[in-house]
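Throughout, residue positions are numbered sequentially from 1 according to the sequence presented. Order of listing sets the numbers, starting from 1, for every ligand and every atom in it.
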Amino acid sequence: MKKTFVMFSVIATAVLVFGTVCTAKDQDERGGALFKQHCSPCHPDGGNIINSQKTLHKKDREANGVKNASDIVSKMRSPGPGMSTFDDKAVSDKDAKKIAEYILKTFQ
Ligand code: HEC
């Protein structure tokens, strides 16, 4: 009986860990795919083909006051000169957040 319980716990833990890892991976992939679709034409590899001072890399971004996910989402909703606007019809709040998290993680 005890053995069965231990076995069950091991399997349950494995399933739980596996599920969490997979979900996290999907989130990353979705953020990355959305970034490619909407942002990479002007920001290839986190750069900026129009204004080279305003890349998505941490150093430039933070120097320009864009520090966290909500700053990035604000930029999408009301961008500066040369950047297209992404309203919540183009990119939902949820997706905008995923893109922001992808940028923060990818372009250090
Ligand atoms: C048509 C070209 C274009 C597209 C598409 C575009 N951007 Fe931009 N982006 C720019 C330009 C130009 C700037 C500089 C604007 C300014 O002066 O604020 C900029 C600035 C930024 C900044 C501020 C960077 C800094 O260092 O100050 C962020 C963050 C940003 N874009 C995110 C995005 C995201 C996220 C997307 C996709 C949803 C996107 N951009 C799509 C052209 C673009």
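- The heavy-atom pair separating Lys36 from Pro41 by the smallest distance is O-CD, 3.9 Å.
- Taking a cut-off of under 4.0 Å to the non-hydrogen atoms of Gly82, the atoms of ligand 1 that pass are 1 (C), 2 (C), 12 (C), 42 (C).
- Atoms of ligand 1 found under 4.0 Å from any heavy atom of Ile103, numbered from 1 in the order shown, are 35 (C).
- With a 4.0 Å heavy-atom cut-off, ligand 1 is reached by no atom of Ala100.
- For the residues Ala63, Ser40, Ser78, Pro81, the heavy atom positioned nearest atom 12 (C) of ligand 1 is part of Pro81.
- For ligand 1, the atoms sitting less than 4.0 Å from at least one non-hydrogen atom of Ile99 are 35 (C), numbered in the order shown with element in parentheses.
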Problem set entry | Intermediate values then yes/no, salt bridge (charged side-chain N to carboxylate O under 4.0 Å, His left out), Glu101 and Lys105 | CA-CA 6 Å; Glu101 276 158 10; Lys105 218 171 92 184; over 6 Å; no
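- Between His38 and ligand 1, a contact under 3.5 Å exists for no N or O pair.
- Looking only at protein N/O/S atoms, the ones less than 2.8 Å from atom 8 (Fe) of ligand 1 make 2 in total.
- Within ligand 1, counting atoms from 1 as listed, the ones closer than 4.0 Å to a heavy atom of Asp60 are 26 (O).
- Minimum heavy-atom separation, Phe107 to Asp45: CE2-C, 3.4 Å.
- Scanning both residues, Lys98 and Arg30, for their nearest heavy atoms gives CD-CG, 3.7 Å.
- In this structure, Leu34 falls outside the shell of residues with a heavy atom less than 4.0 angstrom from ligand 1.
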For this session: Could you go through the side chain to side chain contact (heavy atoms under 4.5 Å, CB included) check for Leu56 and Tyr102 one step at a time?
Result: CA-CA 11 Å; Leu56 304 183; Tyr102 173 82; over 6 Å; no
Exercise. When you look at Arg61 and Ile72, which way does the side chain to side chain contact (heavy atoms under 4.5 Å, CB included) test go after all the steps?
Worked result: CA-CA 9 Å; Arg61 201 174 16 85; Ile72 295 176; 4.3 Å; yes
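- At the top of the distance list for atom 24 (C) of ligand 1, counting protein heavy atoms only, stands Thr55 O, 3.4 Å.
- When the heavy atoms of Asp95, Asn51, Asn64 are ranked by distance to atom 27 (O) of ligand 1, first place goes to Asn64.
- Residue Ile50 approaches ligand 1 through these ligand atoms, each under 4.0 Å from one of its heavy atoms: 2 (C), 12 (C).
- The nearest pair of heavy atoms linking Gly47 to His57 is N-NE2, 4.3 Å.
- In this structure, Asp88 does not pair ionically with Lys94, as no charged nitrogen and carboxylate oxygen lie closer than 4.0 Å.
- In terms of protein heavy atoms, atom 41 (C) of ligand 1 is closest to Phe86 CE1, 3.5 Å.
- Closest of all the heavy-atom pairs between Cys39 and Ile99 is SG-CG2, 4.1 Å.
- Contact atoms of ligand 1 toward Arg61: 26 (O) (distance under 4.0 Å to a heavy atom of the residue).
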Exercise. Run the side chain to side chain contact (heavy atoms under 4.5 Å, CB included) check on His43 and His38 step by step: do they pass?
Worked result: CA-CA 9 Å; His43 296 290; His38 295 293; over 6 Å; no
For this session: Assess whether side chain to side chain contact (heavy atoms under 4.5 Å, CB included) is satisfied between Lys54 and Asp60, documenting all intermediate values.
Result: CA-CA 6 Å; Lys54 300 208 168 175; Asp60 287 334; over 6 Å; no
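- Residues Asn64 and Gln53 approach most closely at ND2-O, 3.3 Å, considering heavy atoms.
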